[in-house]
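This report refers to the structure that appears directly beneath it.
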Amino acid sequence: MDERVYELLNDQMKKELYSAYLYMSFADYYEDEGLSGFANWYMIQAAEERDHALIFRKYLLDNGKSVQLKGIDQPDKTFSNHLEPLEAALEHEKYITGTINDIYTAALEAKDYRTMKFLDWFISEQQEEEDNAEKQVSRMRLFGNDAKALYDLDQENAARVYAVPSPLANA
Ligand code: FEO
């Protein structure tokens with residue numbers, strides 16, 4: 001495997017684990033705010049991000065590469081209203097989409113068609129991640145100032161259940 005592609009794949013594990021950490025910090029904030037549905041949403045999001053890291057880990061191991069676990073930064077997010085974590089999530093997902101695209105570009109340049117195929121799942125997943133994050137932002141902007149509507153949003157987020165991502169389910 002091309003050295004740059006390897007480095008980027010290995011670094012992506014750390015970025016996905018940081019995403020899990022970040023979303024856990026959002027869940028903690030919402031738990032403190034009494035919005036346990038939003039907390040549930042972000043704890044499930046955190047579990048999915050850990051899974052994303054595991055998918056990269058498996059790909060490296062399946063291709064005979066060693067896995068290097070690097071340090072994960074502390075999320076330093078303090079929030080002054082219910083909208084801010086949702087906006088931060090959208091911004092973060094756009095950043096992650098960029099990092100996936102960077103790996104894809106490196107794989108293309110290295111003619112690493114296997115890695116490009118592997119990344120296809122993440123390219124679709126990132127579209128879903130950004131769509132979900134955008135939906136959370138727009139609904140909070142529209143309804144967040146109304147107590148009854150906020151209650152309903154929280155109930156809706158409470159209904160989210162964890163599902164194993166397909167690349168791991170078939171592993
Ligand atoms: Fe692993 Fe939310 O992207």
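When a residue number appears, it is its place in the shown sequence, counting from 1. As the structure lists them, so they are numbered: ligands from 1, and atoms in each ligand from 1. No hydrogens, no waters, no symmetry mates; every other heavy atom, side chains included, goes into these values.
Contact check on E87 versus R141 returns a salt bridge, with a Lys/Arg side-chain nitrogen under 4.0 Å from an Asp/Glu carboxylate oxygen. Using a cutoff of 4.0 Å between basic side-chain nitrogens and carboxylate oxygens, K135 and D131 are not scored as salt-bridged.
E125 lies apart from atom 2 (Fe) of ligand 1 in this respect, since none of its N, O or S atoms is found at a distance under 2.8 Å. Among the atoms of E93, an N, O or S atom falls under 2.8 Å from atom 2 (Fe) of ligand 1. Atom 2 (Fe) of ligand 1 has no N, O or S atom of E48 inside 2.8 Å of it.
Among the heteroatoms counted here (N, O or S) of E16, OE1 is the one nearest to atom 1 (Fe) of ligand 1. Take the N/O/S atoms of E129: the one nearest atom 2 (Fe) of ligand 1 is OE2. Within E49, the N, O or S atom lying nearest to atom 2 (Fe) of ligand 1 carries the name OE2. Nearest N/O/S atom of H52 with respect to atom 1 (Fe) of ligand 1 is recorded as ND1.
The closest donor-acceptor contact from the side chain of D51 to the backbone of V164 lies at 3.5 Å or more, if one exists at all. For the pair D2 (side chain) and R4 (backbone), a donor-acceptor distance under 3.5 Å is present.
Each of F79, W41, Y21, F38 was checked for a ring pair (Phe, Tyr, Trp, His ring centres under 6.0 Å) with F26, and the lone residue meeting it is F79.
Side chain to side chain, Y6 and S66 meet the donor-acceptor criterion of an N or O pair below 3.5 Å.
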